[in-house]
Structure formats: C-alpha cells, structure tokens
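Index from 1, following the sequence.
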Amino acid sequence: MASKLLSSLGAALAVTLAVTGARATTSCSFTTVVGVAFGTYDVFSTSPLDSTGSVTVLCTGVGPSDTIVIDMSRGNASSFGPRQMLRGGTALDYNLFLDAARTTVWGDGTSGTSHYGPTMPPSGVGLTVPIYGRIPARQNAAAGAYSDTLVVTIVF
C-alpha cells in the first residue's frame, strides 16, 4: 500500500504593504488572500502536484501613470529554487509561479525570479492575481503536515 503525506500551504501567506516613491493620492491594500492548498501529496506519483491560490489588491486614487509591482518572498527557504515547506526539520520542495504553465517563478526579481507587473491597477476595483503552485513529483518526504509562510508585498 502506498504511503501518502499531507502537504499544505493553506492560509500561510502573510501580507505586508511596502510603499516606494511619493504618490500622495494613490493607496493600495490587499483585500483577499487565498492560500495555495496542495492537499494530499503522493510520494510515489510520477506527476507533480499542482494547485492555485490568489491575492486581490485594491488601489484607489490611481493616476494615469501609476503602476504597481507585487513581490513574493522565499518563505522558509534560503533561495527561490526551490522554496520549501517544512514539517519540523523535514523539507518538501515546491514553488509558486506567475503563469499556468509554471515556468516563471514568482519572487522579488532576484535570482532568476520575476515580479507580478508592473501593471496599472484599476482605481477602486479589485485586481485578482492568480498564484500557481507546484510540488515536484517523487520527493522522499515523511508523512505529516508541511507549511510555509510568505510575505507578499505591493510596491507602488
């Protein structure tokens, strides 16, 4: 019988707001964060385990040339390649992406990662940005609940 382990990123996305530059009338905040919940990971599966989440940003007072960038931290890992969910001292590799093909790692623009944006957000209307997650197949990890906490930052 195949042993399975439960891994989840759940509601583990912490958010913070970063402001750069001086825009007296523009204000942005997160209104919703839907964590990437992977559910049950089968260590014997030859296919990666994919899941999605999202963040929704609401900006007001957006001027004609105002743009935002959304960055995501490394979480528990020392690098973006890969990120790691932890269960005590045991790690389970995963990553978060900007695209459904899961080829562009969502990070802070360093170490080969990309930002979301720059984009001009609609003023007064929520902008929902999907998060595409993947746990690579065939990892030798012990059964149990794994998690990570990330900081998502709006730069405007």
Filter on disulfide bond (SG atoms under 2.5 Å apart), then keep only pairs touching residues 121-156, sequence neighbours left out; what's left? none
Would you list the pairs meeting disulfide bond (SG atoms under 2.5 Å apart) in which at least one residue belongs to residues 94-156, sequence neighbours left out? none
Sequence-distant partners of Thr46, side chain to side chain donor-acceptor pair (under 3.5 Å), two or more places apart: none
Given side chains that start at C-beta, do those of Ile70 and Val57 come closer than 4.5 Å, heavy atoms only? yes
Please tabulate, for side-chain N and O atoms in residues 116-123, each donor-acceptor pair with protein atoms closer than 3.5 Å (sequence neighbours left out).
residue	atom	partner	partner atom	Å
Ser123	OG	Gly61	N	3.2
Ser123	OG	Val62	N	3.4

Sequence neighbours excluded and cut-off under 3.5 Å, please list the side-chain donor-acceptor pairs for residues 81-90, or say none.
residue	atom	partner	partner atom	Å
Arg83	NE	Ser73	O	3.1
Arg83	NH1	Asn95	OD1	2.7
Arg83	NH1	Trp106	O	3.1
Arg83	NH2	Ser73	O	2.9
Arg83	NH2	Trp106	O	2.6
Gln84	NE2	Asp93	OD1	3.2
Arg87	NE	Ala143	O	3.2

Among all residues two or more places apart in sequence or in another chain, which pass the side chain to side chain donor-acceptor pair (under 3.5 Å) test with Ser45? none
Partners passing side chain to side chain donor-acceptor pair (under 3.5 Å) against Thr32 (at least two apart in sequence or in another chain): none
If you apply the rule side chain to side chain contact (heavy atoms under 4.5 Å, CB included), what do you find for Leu96 with Val36, and how did you get there? CA-CA 9 Å; Leu96 301 174; Val36 179; 4.0 Å; yes
Can you pull the disulfide bond (SG atoms under 2.5 Å apart) pairs that have at least one residue in residues 82-156, sequence neighbours excluded? none
Pair listing, salt bridge (Lys or Arg N to Asp or Glu O under 4.0 Å) test, anchored in residues 120-143, at least two apart: Asp50-Arg134
If hydrophobic residues (ILVMFWY) are linked whenever their side-chain heavy atoms come closer than 4.5 Å, directly or via other members, who joins Tyr132 in its cluster? Phe80, Phe97, Val105
Using a distance-only test with no angle check, is there a side-chain donor-acceptor pair under 3.5 angstrom linking Thr31 and Thr56? no
For residues 48-100, the disulfide bond (SG atoms under 2.5 Å apart) pairs (sequence neighbours left out) are Cys28-Cys59
Quick test of your reading: applying salt bridge (Lys or Arg N to Asp or Glu O under 4.0 Å), list the pairs with at least one residue in residues 105-126, sequence neighbours left out, ordered by first then second residue. none
